[in-house]
Amino acid sequence: MAETISRWPAGRVVTLAGGVGGAKLAHGLALAGLDDRLDVVVNTADDFQLYGLHISPDLDTVMYTLAGIANPATGWGILGDTAATLGMIGRYGRSTWFWLGDRDLATHLLRTERLRAGARLTEVTAELAAALGVTARILPMCDEPVATLIETPAGRLEFQDYFVRRRQRDTVLAVRFEGIEQARITPEVERALAEASVVVVGPSNPLVSIGPILAVPGFRERLRAFHGPVVAVSPIVAGQALKGPADRMLASLGHEVSPLGVARLYQDFLDGILIDQLDAELAPAIAELGIVVKVADTIMRTNDDRRRVARAVLDLARELMGAAP
Ligand code: FO1
């Protein structure tokens, strides 16, 4: 069905994504008619090695979501996946705290094989996504290894140890991105930013999902100097994270747990933010930061919701372009 939104924006769109929230918005943008004009820059600082395999949870969440095969109950993993392999790993006496489905394991096997043969993560991701029929370009934030480390009262934890094994129960005292100094913006991400008319920061955790992308040397400066509008969808609604520990993490690190707190974190490069109707009263305070605010229902339960939120954030970008001199 022809839709007006498919005529706009004229160029391509870059969206920044971490896990489930960012993947849903990317899917919404694709459903809104941008599927072949969409570049999704994805956090890879959650990546880790398990059973000798390279696992890239956020890349896979975005890929499975765009391919229409994500498990809707969790947002990650593959719909209908089974755990026979994990069961056998358990029989061998190994810990199985990270749930890896049988079909999902195929992704990790092939990714690891290609990386060991010398391919870049960007190349491997493009191959896997193309095989699953994804037309949007899924771009790792960098090809170098970066690891999020969480400082807690119990000591320094690797990200998945904090997130999955210990179920985010530890207070976060600090977040570090090990290896970030060696990370480089890839030629593919450079090209995506050069070709895009809009950048959309997805509703992902600002500290551990969007944070690592912004920390790639030069990336934040690229956003500050971006030639078009940079807009975001708030991942915090009514004082709570849509998913995961972003609310507790923001609080323990001294940030306000609200779209205003999120806007402050992005203030140096953000032109506009879409906030939920439940937070409408925060609009004037955010506007005082020089950020244009649009209020909408931002909860994404269904595919229609995803498309609706994507359209709302694109409308905001369009208004900002109209307002440009
Ligand atoms: N999240 C969980 O809470 N528990 C799991 O066992 C788990 C397994 C898993 C396997 C593959 C994958 O791609 C993602 C997986 N996730 C799991 C999600 C993931 O740990 C987080 O969503 C991200 O790292 C945070 O963005």
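Note that ligands are numbered from 1 as they come in the structure, with each ligand's atoms numbered from 1 the same way.
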Using a cut-off of under 3.5 Å, which N/O atoms of ligand 1 pair up with protein N/O atoms, and what distance separates each pair?
unit_1: ligand 1; atom_1: 1 (N); unit_2: W76; atom_2: NE1; d: 3.4
unit_1: ligand 1; atom_1: 6 (O); unit_2: W99; atom_2: N; d: 2.9
unit_1: ligand 1; atom_1: 20 (O); unit_2: Q160; atom_2: OE1; d: 2.9
unit_1: ligand 1; atom_1: 24 (O); unit_2: D46; atom_2: OD2; d: 2.9
unit_1: ligand 1; atom_1: 24 (O); unit_2: Q160; atom_2: NE2; d: 2.9
unit_1: ligand 1; atom_1: 26 (O); unit_2: D46; atom_2: OD2; d: 3.2
unit_1: ligand 1; atom_1: 26 (O); unit_2: D58; atom_2: OD1; d: 2.8

- [ ] Could you tell me whether R166 and D170 have a side-chain N and a carboxylate O separated by less than 4.0 Å?
- [x] yes
Task: NZ/NE/NH1/NH2 to OD/OE distance under 4.0 Å, R116 and E113 - done: no
Open item on the list: Check the orientation of F98 and F48. Use parallel for under 30°, tilted for 30 to 60°, and perpendicular for over 60°.
Closed with: perpendicular
Task: salt bridge (charged side-chain N to carboxylate O under 4.0 Å, His left out) partners for R94, two or more places apart - done: none
Task: Interatomic distance, L314 atom CG to L274 atom CG [nearest 0.5 angstrom] - done: 10.0 Å
Task: Rounded distance [0.5 Å steps], OG in S204 versus CG in L16 - done: 8.5 Å
